[in-house]
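In what follows, a single structure is set out as structure tokens and then discussed.
Any value given below was found using the heavy atoms of this structure, including those in side chains, with hydrogens, waters and symmetry copies removed.
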Amino acid sequence: MSTHGHRRNTELESARRRHKLTQAQVADSVSRHLALDPPMSTYYVSKLERGIHRWPNPVYRSAFRAVLGVESDAELGFYCPRAIGEEDDVHRRSFLGLGTAVASGVVLSGSVSEFLARAESPTPVPQWVGRPEVAHVTQSAATFSEWEHLYGGGLSREAVGGQLRWAAGLLEARCRTSVVRRELHAAVGNLAEVAGWMSYDAGAHDSADRYFRFGLYCAERAEDQSLRATILSDMARQAVSLRREDAIELAELAQVRDDRLTARERSMLHVVRARALAREGRIGECLAAIERADEHFAHSVTETPPWMEYYDAAEMRGDSGHALFDLVHHGYDPHPAIHRLDFAVHHHTPKYARSKTLSLIKSITLQINDDPGVAAHRGLEALTQAQDLRSQRVRNYLRDLYAATKPHARYGDVTDLRHQIAKTLQR
């Protein structure tokens, strides 16, 4: 027992000593495992061993398990004091030792999330990686991408983060061949791109930035120009939405060596550049970029990398419609934007529900000035579609629509729409 009443964490200390590591070496290993900047301090490890802190965050716990070669938090003496108190080890173990006599009436102390956190058990990483593991990561990225397009990034971004951490562990294992090593980096980078986009859609921009940069690292190691361009274009889109000054620079960086890309990929990159130019009010350059995007798409073929399957005719028109939408704020005619956005609304397949809803809200935001009654009716349709989505971008677009309806609030239908938007945003 310490002088402050904390029970020393002998499990963590013993695990460290088994590996013949000092506290400083453990801190350094965990920092390198997580690429922490600034690195973890030796004092933090000391606090853990003295029992002052018993429940590091999930990322730290995972790193400690990896560095010290254990499979569970309990082996390192980690538990959540708020969930079960600071009782002795016997009492803590009996807390979850539920027999048939009490299983029908379990009462949990603390929050459910804290209780379940103690059930965390990491999936072991194999010592050797071959194509089956690469295929597993690739399929995971495809599945999460499908969910993200259908429901938005808010529901599954933590799940994809956990999957990415496991996949990243594969990069430290041995690969059967150098080709498999490149394929693994490409697959993990693709999963990181999906994780980044889901975080961006959910409004978690710091997480998105970290995932994008990790994905870019993997793309470089895989020597995958397509993946590199895709991730840089995602970063440019994020910069546009945050009104950062580096949006055009990122969009143009994505176009470096675009001769190695397919026509469809080049089309997408021109649209992203158009969106960056539109935010700056560079009308002529934006229109020229959209024209180039149209030309490349017209010459595109059906074969495309898996992460480009979303970029069909509906996505291309909707994406360029978003660029034209921003030009309206600089005096450009709104009708070309409405035409492209409505094409996207009518041609998006059901599995791209979020993209369809985003284009619909943007179109209504422009239409409200020409025909408030029709726009209000379509606005109620957009709200119905938005109910099943967990997307911060959708919420932001609804706020913009709400602001655009203010000059027309005297119309009964518009008043109803404003009321329904307010209720949706409050939920």
Side-chain angles (χ1 to χ4, degrees), residues 35 138 141 145 171 178-179 181-197 199-200 205 208-312 315-316 318-320 322-323 326:
T138 300
S145 181
L171 299 177
S178 59
V179 174
R181 170 68 65 184
R182 288 195 297 272
E183 292 175 350
L184 177 62
H185 272 94
V188 175
N190 185 18
L191 184 60
E193 187 270 335
V194 173
W197 190 255
S199 294
Y200 161 61
H205 293 290
D209 180 67
R210 182 170 289 269
Y211 288 140
F212 286 147
R213 287 189 286 120
F214 176 64
L216 198 58
Y217 161 85
C218 291
E220 297 287 356
R221 295 301 182 276
E223 300 177 1
D224 192 320
Q225 181 65 20
S226 294
L227 182 58
R228 174 185 178 277
T230 298
I231 294 174
L232 284 169
S233 71
D234 288 346
M235 297 172 73
R237 291 176 189 271
Q238 182 186 30
V240 169
S241 68
L242 296 177
R243 299 183 181 276
R244 292 199 329 236
E245 295 181 355
D246 60 341
I248 295 176
E249 179 183 358
L250 286 168
E252 293 177 346
L253 189 59
Q255 292 181 303
V256 173
R257 296 308 305 269
D258 65 354
D259 56 304
R260 300 181 181 180
L261 306 178
T262 66
R264 186 170 299 193
E265 289 171 310
R266 290 196 292 272
S267 173
M268 181 271 293
L269 295 179
H270 280 292
V271 168
V272 173
R273 182 170 179 269
R275 293 191 65 170
L277 292 166
R279 277 296 171 94
E280 298 293 326
R282 294 160 64 170
I283 296 177
E285 293 173 85
C286 174
L287 296 177
I290 292 176
E291 184 177 355
R292 293 292 304 279
D294 289 342
E295 292 172 355
H296 283 297
F297 192 85
H299 293 90
S300 66
V301 293
T302 56
E303 294 80 8
T304 187
W307 48 85
M308 283 297 298
E309 290 180 355
Y310 77 97
Y311 193 78
D312 55 10
E315 182 67 25
M316 195 276 287
D319 221 359
S320 54
H322 280 67
D326 287 338

**OP:** Tell me, yes or no, whether the heavy-atom count around Glu295 atom CD, taken from other residues, nucleotides or ligands under 6.0 Å, exceeds 12.
**Re:** yes
Subject >> Working for salt bridge (Lys or Arg N to Asp or Glu O under 4.0 Å), residues Asp224 and Arg228 >> reply: CA-CA 6 Å; Asp224 192 320; Arg228 174 185 178 277; over 6 Å; no
Original post:
Between CG of Leu227 and CG of Leu232, what distance do you get to the nearest 0.5 Å?
Top reply: 9.5 Å
Subject >> Test log, rule side-chain contact (heavy atoms from CB on, under 4.5 Å), inputs Arg273 and Leu277 >> reply: CA-CA 6 Å; Arg273 182 170 179 269; Leu277 292 166; 3.6 Å; yes
**OP:** Give the minimum heavy-atom separation between Cys286 and Ala278, together with the two atoms involved.
**Re:** SG-CB, 3.9 Å
**OP:** Decide whether Glu265 and Ser226 meet the rule of one side-chain donor and one side-chain acceptor closer than 3.5 Å.
**Re:** yes
Subject >> Donor + acceptor pair across side chains of Tyr211, Ser199 (<3.5 Å) >> reply: no
Original post:
Looking at Tyr200 and Arg237, what are the two nearest heavy atoms and their distance?
Top reply: OH-O, 3.8 Å
**OP:** Measure the spacing between CD of Glu245 and CZ of Arg279 and express it to the nearest 0.5 Å.
**Re:** 14.0 Å
Original post:
Quick one: does Val240's side chain get under 4.5 Å of Ile248's, heavy atoms only?
Top reply: no
Subject >> Steps toward side-chain contact (heavy atoms from CB on, under 4.5 Å) verdict (Thr262, Arg266) >> reply: CA-CA 6 Å; Thr262 66; Arg266 290 196 292 272; 5.9 Å; no
Subject >> CE-CG distance between Met316 and Asp294, expressed to the nearest 0.5 angstrom >> reply: 4.5 Å
**OP:** Give the intermediate values and the outcome of salt bridge (Lys or Arg N to Asp or Glu O under 4.0 Å) for residues Asp326 and Arg275.
**Re:** CA-CA 8 Å; Asp326 287 338; Arg275 293 191 65 170; 5.3 Å; no
Original post:
How far does SG of Cys218 sit from CG of Leu171, to the nearest 0.5 angstrom?
Top reply: 5.5 Å
Subject >> Euclidean distance, Gln225 CD relative to Glu220 CD, rounded to 0.5 Å >> reply: 8.0 Å
**OP:** Could you check if a side-chain atom of Phe214 sits within less than 4.5 angstrom of a side-chain atom of Arg210, using non-hydrogen atoms only?
**Re:** no
**OP:** Over all heavy atoms of both residues, which pair between Ala251 and Ala236 is shortest? Give the atoms and the distance, please.
**Re:** N-CB, 3.7 Å
**OP:** Drop me the distance from Leu287's CG to Ser320's OG, to the nearest 0.5 angstrom.
**Re:** 11.0 Å
**OP:** Sorted by first residue and then second, give each ring pair (Phe, Tyr, Trp, His ring centres under 6.0 Å) pair with at least one member in residues 232-270; sequence neighbours left out.
**Re:** His270-His296
Original post:
Going by an N to O cut-off under 4.0 Å, is there a salt bridge joining Arg257 and Asp259?
Top reply: yes
**OP:** Check the pair Phe212 / Gln238 against side-chain contact (heavy atoms from CB on, under 4.5 Å), numbers first and verdict last.
**Re:** CA-CA 10 Å; Phe212 286 147; Gln238 182 186 30; 3.9 Å; yes
Original post:
Would a 4.5 Å heavy-atom cut-off, applied to side chains only, mark Val271 and Tyr311 as touching?
Top reply: yes
**OP:** Would you check if Arg182 and Arg221 make a side-chain contact, meaning some heavy-atom pair closer than 4.5 Å?
**Re:** no
Original post:
Leu253 and Glu249: side-chain contact (heavy atoms from CB on, under 4.5 Å), yes or no, with the steps?
Top reply: CA-CA 6 Å; Leu253 189 59; Glu249 179 183 358; 5.5 Å; no
